[in-house]
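Since the model is a prediction, treat every value here as computed from it, not as a measurement.
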Amino acid sequence: MRKLTSLIALAVAISLMHAPLSLAENWPSRQITLIVPFPPGGSTDVVARIMAEHMRRLLGQPVVIENVGGAGGSIGVGRVARAAPDGYTIDIGQWDTHVGSVIYALTYDLQKDFEPIGLMSINPQLMVGRKDLPADDLKGLVAWMKENPGQARLVNQLASAQISGLLLQQLTGTSLQFIPYRGSGPATTDLLAGHVDLMVAQAAVVLPNVRARALKAIANLAPRRSEAVPEVPSSDEGGVPGLYASGWFGFFAPAGTPKEIIAKFNGAMVEVLADPAVRARFAQLGLDVASREQQTPAGLAAFHKAEIAKWWPIIKSANIKGE
């Protein structure tokens, strides 16, 4: 009896050792849920649907979008952090959800509770103005703000917008009114109507209105012009070096997800990003496809670590808190 008990215990131990491998070998055997931590219709949602449409063919299972908005994306990301690490719940993350969301009282750890899968794109962040704004570029904007201190109204819809506004004030000695909004959709509507003056958003959000001349592109908040939106001058060209904002999209899984599953999902992502039709669609949205090195799990891990190292001290020093 004692020998039989030992054999049973050994068999159980061996089966448990091989369980993760079996899970990875059979993955995916059912639909994958891709959490979009914002409402439908925004740039994050659009990119998620492009990727899901192409990846389902490669993975052999449906990739279903679930929009879980609220608290700057932290509610949806929290769902992923608490999900089983089995590869069936994935998060499309970005700066506001995986760096800037530190302004909220999070119930998860941005550095420990996720496995990076791969970086998809670098997203130019544009500062745009109402079409009748009495400034056509960053130099003109700063001059106008100095002539009218405290009058410029900046949309404050996400942490990235708030930080950009604070940087603009610090670097130029100007002052702004920060007007809170729940999202880019309502903010864009009011900007088009002239109820506010300025907005900082991903190119994918504002580019159609810029190209239709319904909004003015003031600057691409980066050291140099973007290949995706080469017509928009950089902050450096506008005379305000250091006025930078970060935007990107990447896939994350819950911490503990088997490396084999991460590799399979990453392989499908990389293949989709190499598709000329997808790259053309990204270009239309004003997105720069990430380099092949950045598309790896290690590439996203290093990129994410660098983003946190750069931006968290700025957020802390400005004492920014989520509302």
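Following chains of ILVMFWY side-chain contacts shorter than 4.5 Å, one cannot reach L176 starting from I179, and the two form parts of different hydrophobic clusters. Residues L58 and I262 share a hydrophobic cluster, clusters being chains of Ile/Leu/Val/Met/Phe/Trp/Tyr side chains in contact below 4.5 Å. Hydrophobic clustering, with ILVMFWY side chains joined whenever heavy atoms are under 4.5 angstrom apart, keeps V210 apart from L198. In the hydrophobic cluster analysis, where Ile, Leu, Val, Met, Phe, Trp and Tyr join through side-chain heavy atoms closer than 4.5 angstrom, F252 is grouped together with V80. Neither V196 nor L166 shares a network with the other; the hydrophobic side chains, linked directly or stepwise wherever heavy atoms of I, L, V, M, F, W or Y lie under 4.5 Å apart, form separate groups for each.
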Show me the side-chain donor-acceptor pairs of residues 270-280 shorter than 3.5 Å, one per line, residues at least two apart or across chains.
{"unit_1": "D275", "atom_1": "OD1", "unit_2": "A277", "atom_2": "N", "d": "2.8"}
{"unit_1": "R279", "atom_1": "NH1", "unit_2": "L273", "atom_2": "O", "d": "3.1"}

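No more than 12 heavy atoms of other residues, nucleotides or ligands lie within 6.0 Å of CD in E293, so this atom counts as exposed by the packing criterion. The 12-atom threshold is not exceeded at NZ of K316, counting heavy atoms of other residues, nucleotides or ligands nearer than 6.0 Å.
The side-chain heavy atoms of I315 and I163, taken from C-beta on, include a pair separated by under 4.5 Å. Contact annotation: the side chain of L138 approaches that of L243 to within less than 4.5 Å [non-hydrogen atoms, C-beta and beyond]. Considering only heavy atoms from C-beta on, L141 comes within 4.5 Å of L133 through its side chain. In this structure the side chain of V206 never reaches within 4.5 angstrom of the side chain of L191, judged on heavy atoms. Between S164 and L221 there is a side-chain heavy-atom pair separated by less than 4.5 Å. Under the 4.5 Å side-chain criterion, counting only non-hydrogen atoms from C-beta, L168 is in contact with M127. At least one side-chain heavy atom of M269 sits less than 4.5 Å from a side-chain heavy atom of M55. Using a 4.5 Å heavy-atom threshold, the side chains of T107 and R82 count as touching.
Shown here are the side chain to side chain contact (heavy atoms under 4.5 Å, CB included) partners of A83, two or more places apart in sequence or in another chain: T89, P254. Take W311 and apply the ring-ring contact (aromatic ring centres under 6.0 Å, His included) test, not counting sequence neighbours, and it matches W95. Every salt bridge (charged side-chain N to carboxylate O under 4.0 Å, His left out) that R225 has, sequence neighbours left out, goes to E237. By the ring-ring contact (aromatic ring centres under 6.0 Å, His included) test, F249 pairs with no residue at all, sequence neighbours left out. Not counting sequence neighbours, F38 has no partner by the ring-ring contact (aromatic ring centres under 6.0 Å, His included) test. Applying the side chain to side chain donor-acceptor pair (under 3.5 Å) rule to S160 yields the partners D96; only residues at least two apart in sequence or on another chain are considered. For F303, the ring-ring contact (aromatic ring centres under 6.0 Å, His included) partners are W248, not counting sequence neighbours.
At least one donor-acceptor pair closer than 3.5 Å links the side chain of K264 to the backbone N or O of A24. No donor-acceptor distance shorter than 3.5 angstrom exists from the side chain of E307 to the backbone of W312, with no hydrogens or angles considered. Proximity of a side-chain donor or acceptor of E260 to a complementary backbone N or O of E25 within less than 3.5 Å is not detected. The closest donor-acceptor contact from the side chain of S235 to the backbone of Y244 lies at 3.5 Å or more, if one exists at all. Remark: side-chain polar atoms of N266 are paired, donor with acceptor, to backbone N or O of I117 under 3.5 angstrom. Under a 3.5 Å cut-off, the side chain of T97 and the backbone N or O of G93 do not form any donor-acceptor pair. A donor-acceptor pair is defined here as one N or O able to donate and one able to accept, closer than 3.5 Å; no such pair exists between the side chain of T296 and the backbone of R292. Not a single donor-acceptor pair under 3.5 Å links the side chain of Q177 to the backbone N or O of A152. Judged by distance alone, the side chain of Q125 and the main-chain N or O of S246 form a donor-acceptor pair under 3.5 Å.
Salt bridge status for D136 with K216: present, with a side-chain N to carboxylate O gap under 4.0 Å.
Pairs passing the side chain to side chain donor-acceptor pair (under 3.5 Å) check and including a residue from residues 142-153, sequence neighbours excluded, read R153-D197. Listed by first then second residue, pairs satisfying ring pair (Phe, Tyr, Trp, His ring centres under 6.0 Å) with a partner in residues 112-133 read H98-F114, Y108-F114, not counting sequence neighbours. Sequence neighbours left out, not one pair with a member in residues 166-213 passes ring pair (Phe, Tyr, Trp, His ring centres under 6.0 Å). Pairs of residues two or more places apart, or lying in two chains, that qualify as side chain to side chain donor-acceptor pair (under 3.5 Å) and include a residue from residues 62-71 are D45-N67, R49-N67, E66-R79.
Of all heavy-atom pairs between V36 and A48, the closest is CG2-CB, 3.5 Å. In this structure, P258 and P85 approach most closely via the heavy-atom pair CD-O, 3.3 Å. The two residues S226 and P124 make their nearest non-hydrogen contact at OG-CG, 3.3 Å. What you find for A255 and K112 is that their closest heavy atoms are CB-O, 3.4 Å. Summarising the geometry of N156 relative to A161, their closest heavy-atom pair is CA-CB, 4.5 Å, with the distance given to 0.1 Å. Looking at every heavy atom in both residues, I92 comes nearest to P37 through O-CD, 3.5 Å.
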#### Entry: Candidate pair V99 and H304, rule side chain to side chain contact (heavy atoms under 4.5 Å, CB included), full reasoning
CA-CA 8 Å; V99 179; H304 185 231; 4.1 Å; yes

#### Entry: Test side chain to side chain contact (heavy atoms under 4.5 Å, CB included) applied to R56 and Q31, step by step
CA-CA 9 Å; R56 63 167 52 98; Q31 78 173 33; over 6 Å; no

### Full working for side chain to side chain contact (heavy atoms under 4.5 Å, CB included) between F265 and L59
CA-CA 8 Å; F265 196 94; L59 294 171; 4.2 Å; yes

### Task
Take V229 and R211, measure what side chain to side chain contact (heavy atoms under 4.5 Å, CB included) needs, and give me the verdict at the end.
CA-CA 10 Å; V229 283; R211 288 176 172 165; 4.0 Å; yes

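Looking only at atom types and distance, the side chain of Q94 has a donor-acceptor partner in the side chain of T44 under 3.5 Å away. Defined by atom type and a distance below 3.5 Å, a donor-acceptor pair is present between the side-chain atoms of N123 and S121. Residues S29 and Y88 bring a donor and an acceptor atom of their side chains to less than 3.5 Å of each other.
Going from atom OG1 of T174 over to atom CD of Q169 covers 6.0 Å, rounded to the nearest 0.5 Å. A distance of 10.0 Å separates CD of E231 from CG of N220, quoted to the nearest 0.5 Å.
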